[in-house]
Amino acid sequence: MRETVFKTEIGLTHYLSADGEPLGELPGWSHEPEPLTGYYRWMVLARQFDQKAVALQRTGQLGTYASSLGAEAIDVVTGHLMTPEDILVPYYRDHILQMIRGTPMCDLLLYWGGDERGNASPGMGRDLPNAVPIATQTLHAAGVAAALKYRHQPHATVCLCGDGATSKGDFAEALNLAGVWHLPLVMIVNNNQWAISVPRHLQCAAPTLAQKAIAAGVPAEQVDGNDPIALHEVVEYALQRARAGKGPTLIEALSYRLSDHTTADDASRYRGPDQLKEAWRKEPLRRLRQYLVNLGYWDESRERQCLDEAQQQVQRAVEEYLSTPPEPVESMFQYLYAEMPDQLRDQIEMARVRGGGDL
Amino acid sequence: MNESICLLEAVNLALARALEDDPEVILFGEDIGHNGGVFRATDGLAKRFGAHRVVDTPLAENMIAGTAVGMASQGLRPVVEIQFMGFIFPALEQLISHAARLHHRTRGRLSCPMVLRAPYGGGIHAPEHHSESTEALLAHIPGLRVLIPSSPARAYGMLLGAIRCDDPVIFLEPKRIYRASKTLVEDSGAALPIDRCFTLREGAALSLISYGAMIPECLAAADNLAERGIDCEVIDVASLNPIDYDTLLASVSKTGRAVIVHEAPGKGGVGADISAVLNEQLWGQMRAPVMRVTGLDTVMPYYRNEQHYLPGVSDILDAVDKSLEAGRNEILQATGSG
């Protein structure tokens with residue numbers, strides 16, 4: 001005799017079509033102008049920042065930069081739903097989320113411009129800085145969540161990663177611990193279909209990435225990552241669960257990386273124009289704008305004004321970034337330990353001489 | 001409370017003291033709770049302080065290290081255990097790429113006050129992967145502190161110092177001498193410095209520089225030499241990163257001779273680093289080349305042959321004799337005799 005001992009299902013939440021038309025009944029709050037027009041303004045700012053950052057890199061004024069093109073809805077909605085007391089553990093494509101959390105644009109540019117002070121922004125509070133080694137941050141998030149739980153603080157830890165990260169042991173280990181320790185963790189996978197050149201179907205044979213959490217006893221959902229209404233519903237539910245001590249949730253947000261992996265990449269080497277064209281048809285800004293226009297909350301003049309303001313804001317940040325002098329050379333040593341060991345003091349002068357003595 | 005305890009019991013005593021003193025200290029690792037750790041280093045602590053403070057984890061070393069980084073980033077003081085140093089490698093990415101750098105790369109906005117404990121070294125007839133000494137891999141990493149105690153009192157004081165330190169500390173315990181001897185350890189709650197060598201024996205003839213389970217071997221060698229009228233200084237390096245070169249340089253500038261002893265392979269080892277610094281700083285004052293007595297540059301053998309791998313007293317005495325001999329030849333040449 002054989003009996004079924006476990007069955008599960010993964011839900012996909014979506015409310016808007018690619019053209020911003022309701023797919024069914026919408027949540028009541030989404031008929032109001034806020035928060036959706038606010039979300040849209042941030043998404044416009046996000047895209048202006050992103051375009052400018054790429055332009056700075058192309059003109060030699062910024063280092064290699066990971067674009068957030070196509071991730072705007074995920075970051076903007078999550079950023080707005082988090083409280084200041086929640087803790088963010090981002091990956092390297094979450095500039096907008098960091099901005100919403102309080103990191104000035106100038107500091108974000110400093111980070112991508114090769115200056116550690118970008119991680120030191122007071123606006124980051126207790127949030128973790130970007131983690132570059134893939135998926136390593138998922139374990140930090142488990143630790144942060146464990147700290148919140150240990151101190152009986154009713155806040156959530158929010159961690160983001162890409163689809164590639166789900167192939168790493170860290171991701172599985174973090175979910176496993178979150179499940180068994182019942183941690184206040186919201187893990188959001190930005191499944192943008194590409195890990196540099198490797199497409200989603202070569203990353204994992206499972207039909208969803210969300211189901212990886214089921215194996216760890218963690219509830220999991222898919223959500224349309226280009227649909228701000230769906231994101232709002234799913235992320236808010238997971239945050240409330242975490243804050244109420246009901247444990248972790250995995251959210252697989254389906255999006256598309258509209259950019260190259262970073263400015264050092266050329267995606268035309270491995271993906272064709274048709275797929276990209278189709279992805280642009282589903283992108284989040286156009287979708288939300290269309291929805292807001294249909295409701296009469298947005299129009300051409302608002303769009304122009306919003307764009308102008310965003311451009312000015314970005315321009316001011318760029319000027320501040322470009323006029324920030326490099327950090328004094330002793331900074332290479334002074335933060336290595338809580339107190340600088342004597343033997344490092346001798347090397348400060350060596351570093352100064354090595355760099356031409358101009359700092 | 002004062003009593004004679006072994007190094008392993010001293011670790012337990014320090015952990016209990018830290019848990020008692022600071023509610024932000026939390027212990028976690030594999031089998032450390034109910035079972036008290038495979039060596040019993042955490043014996044009784046879960047019962048005394050609760051399962052929320054002495055916590056069993058799922059079996060994943062990388063997870064233990066990464067979770068500790070996350071906890072420490074929020075100001076907790078996690079003290080985690082890796083069961084054997086041979087299983088530390090999955091944790092290296094978290095230690096090297098994150099723990100070591102968090103304070104530095106956030107310019108002090110966040111810090112990483114974690115301690116990762118692991119028993120290391122050979123000599124107890126353990127299975128494969130249970131006897132290695134790979135401390136040099138960790139001592140090479142800027143931002144990590146790497147400590148190895150060599151007596152019950154130093155284990156107690158240095159572990160308290162490590163837990164109270166705001167930097168990430170790798171605390172390697174020489175399991176060969178976990179139960180080797182018992183000495184009186186006062187449970188005073190006083191930490192020892194974690195950035196200083198300990199001079200265990202003073203002498204003018206030669207500096208014996210070592211750490212961990214090789215310290216008893218060096219002290220035995222020094223006793224033997226004393227019977228021959230040769231007074232060696234014995235220094236426990238104790239902190240492999242940063243290294244207290246001031247104490248080492250002061251000793252060797254006095255004796256003019258140094259023999260460095262460790263059970264890890266010599267190639268790229270901590271002894272090579274110390275030797276290089278002694279040569280750079282004391283060239284001209286040395287009376288003999290710096291000698292090293294180390295483990296061999298091969299895979300740690302299974303236990304039937306481990307005595308052929310690990311340095312012992314006679315190897316140390318041979319190196320001391322060579323050092324003394326080299327100096328003697330020089331003196332003879334300089335005086336034109338012989």
Side-chain angles (χ1 to χ4, degrees), chain A residues 87 89 111 115-122 124-133 135-151 153 157 159 168-170 172-174 176-181 183 216 327 331-344, chain B residues 23-24 26 28 52-53 55-76 78 80 90-91 93-94 96-114 142-145 165-168 195 239 241-246 277:
Chain A
I87 304 285
V89 184
Y111 173 78
D115 191 320
E116 284 89 343
R117 287 173 296 184
N119 291 328
S121 185
M124 288 180 174
R126 305 295 298 176
D127 290 357
L128 273 286
N130 288 342
V132 175
T136 53
Q137 77 277 14
T138 59
L139 291 168
H140 305 160
V144 170
L148 290 172
K149 184 174 167 128
Y150 180 77
R151 290 169 167 160
Q153 292 169 320
T157 303
C159 179
K168 284 198 67 177
D170 304 52
E173 291 173 17
N176 189 53
L177 190 72
V180 85
W181 283 8
L183 296 176
E327 207 174 9
S331 66
M332 284 167 60
F333 303 99
Q334 76 190 99
Y335 301 100
L336 193 58
Y337 295 97
E339 281 176 50
M340 197 192 309
D342 289 340
Q343 57 195 265
L344 289 182
Chain B
E24 301 276 81
I26 175 170
F28 60 97
H52 64 298
R53 297 196 67 197
V55 193
D56 280 322
T57 64
L59 205 163
E61 289 80 7
N62 176 47
M63 180 276 291
I64 291 171
T67 305
V69 170
M71 269 190 195
S73 76
Q74 304 303 304
L76 286 184
V80 302
E93 179 174 41
Q94 287 292 343
I96 295 170
S97 297
H98 293 295
R101 299 162 68 122
L102 189 62
H103 185 266
H104 181 75
R105 66 193 289 263
T106 61
R107 294 306 191 238
R109 181 174 65 83
L110 301 175
S111 56
C112 193
M114 63 178 274
L144 292 181
R145 290 185 181 274
C165 174
D166 288 333
D167 303 316
D195 55 358
S239 169
N241 190 29
I243 290 177
D244 171 16
Y245 291 116
D246 289 348
V277 172

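None of the values given here were measured: they were computed from a predicted structure. Labels below follow one simple rule: chain letters A, B, ... track the order of the sequence lines, proteins then strands, and each chain is numbered from 1.
- With a 4.5 angstrom heavy-atom cutoff, R101(B) does not touch chain A via any of its atoms.
- Under the 3.5 Å distance criterion, the side-chain polar atoms of Q343(A) are left unmatched by any main-chain donor or acceptor of Y245(B).
- Residue contact with chain B, scored on non-hydrogen atoms closer than 4.5 Å, involves the backbone and the side chain of P129(A) alike.
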Using the rule given for side-chain contact (heavy atoms from CB on, under 4.5 Å), can you reason through V69(B) versus L139(A), listing the C-alpha separation, both sets of side-chain angles and the distance that settles it, and then say yes or no?
CA-CA 8 Å; V69(B) 170; L139(A) 291 168; over 6 Å; no

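- By number of non-hydrogen pairs under 4.5 angstrom with chain A, the leading residue of P142(B), A65(B), C112(B) is P142(B).
- The backbone N or O of G143(B) lies less than 3.5 Å from a partner atom in the side chain of Y337(A), making a donor-acceptor pair.
- Residue S111(B): no heavy atom, backbone or side chain, is found under 4.5 Å from chain A.
- Residue P23(B) touches chain A through its backbone alone, counting heavy-atom pairs closer than 4.5 Å.
- In this model, no donor atom of one side chain and acceptor atom of the other lie less than 3.5 Å apart for Q137(A) and H98(B).
- Here the CG-CG distance, from L102(B) to L128(A), works out to 6.5 Å after rounding to the nearest 0.5 Å.
- The backbone N or O of T136(A) lies less than 3.5 Å from a partner atom in the side chain of Q94(B), making a donor-acceptor pair.
- Proximity to chain A involves both the backbone and the side chain of Q74(B), based on heavy atoms less than 4.5 angstrom apart.
- Chain B forms the most heavy-atom pairs under 4.5 Å with one residue out of M332(A), R151(A), K149(A), and that residue is R151(A).
- When every heavy atom of V144(A) is checked against every heavy atom of G70(B), the shortest pair comes out as CG2-O, 3.5 Å.
- A donor-acceptor pair is defined here as one N or O able to donate and one able to accept, closer than 3.5 Å; no such pair exists between the side chain of R105(B) and the backbone of N119(A).
- Looking at R107(B), its side chain never comes within 3.5 Å of a backbone N or O of Y335(A) through a donor-acceptor pair.
- Rounded to the nearest 0.5 Å, atoms CG (D244(B)) and CG (D342(A)) are 9.0 Å apart.
- Here the closest heavy-atom approach between residue R109(B) and residue S121(A) is recorded as CD-O, 3.3 Å.
- With chain A as the partner, the residue from L144(B), D195(B), I26(B) showing the most heavy-atom pairs under 4.5 Å is L144(B).
- In terms of heavy-atom proximity, G143(A) sits nearest to M71(B) at O-CG, 3.2 Å.
- Contacts with chain B were tallied for D170(A), L148(A), V180(A), V132(A); D170(A) has the most, counting heavy-atom pairs under 4.5 Å.
- With a threshold of 4.5 angstrom between heavy atoms, A141(A) does not approach chain B through any atom at all.
- From L177(A), atom CG reaches atom CE of M63(B) across 5.0 Å, with rounding to the nearest 0.5 Å.
- Heavy atoms only, all atoms of each residue included: G125(A) and L110(B) are closest at O-CD2, 4.3 Å.
- Between the side chain of D166(B) and the main chain of A338(A), no donor-acceptor pair closer than 3.5 Å is present.
- The two residues G66(B) and H140(A) make their nearest non-hydrogen contact at O-CD2, 3.5 Å.
- For the pair P133(A)/E93(B), a side-chain contact is recorded, criterion being any heavy-atom separation below 4.5 Å from C-beta on.
- Classified by interplanar angle (parallel below 30°, tilted 30° to 60°, perpendicular above 60°), the ring pair W181(A)/F28(B) is perpendicular.
- By number of non-hydrogen pairs under 4.5 angstrom with chain A, the leading residue of L76(B), T57(B), V55(B) is L76(B).
- With rounding to the nearest 0.5 Å, the separation of NE2 in H103(B) from CD in Q334(A) is 9.5 Å.
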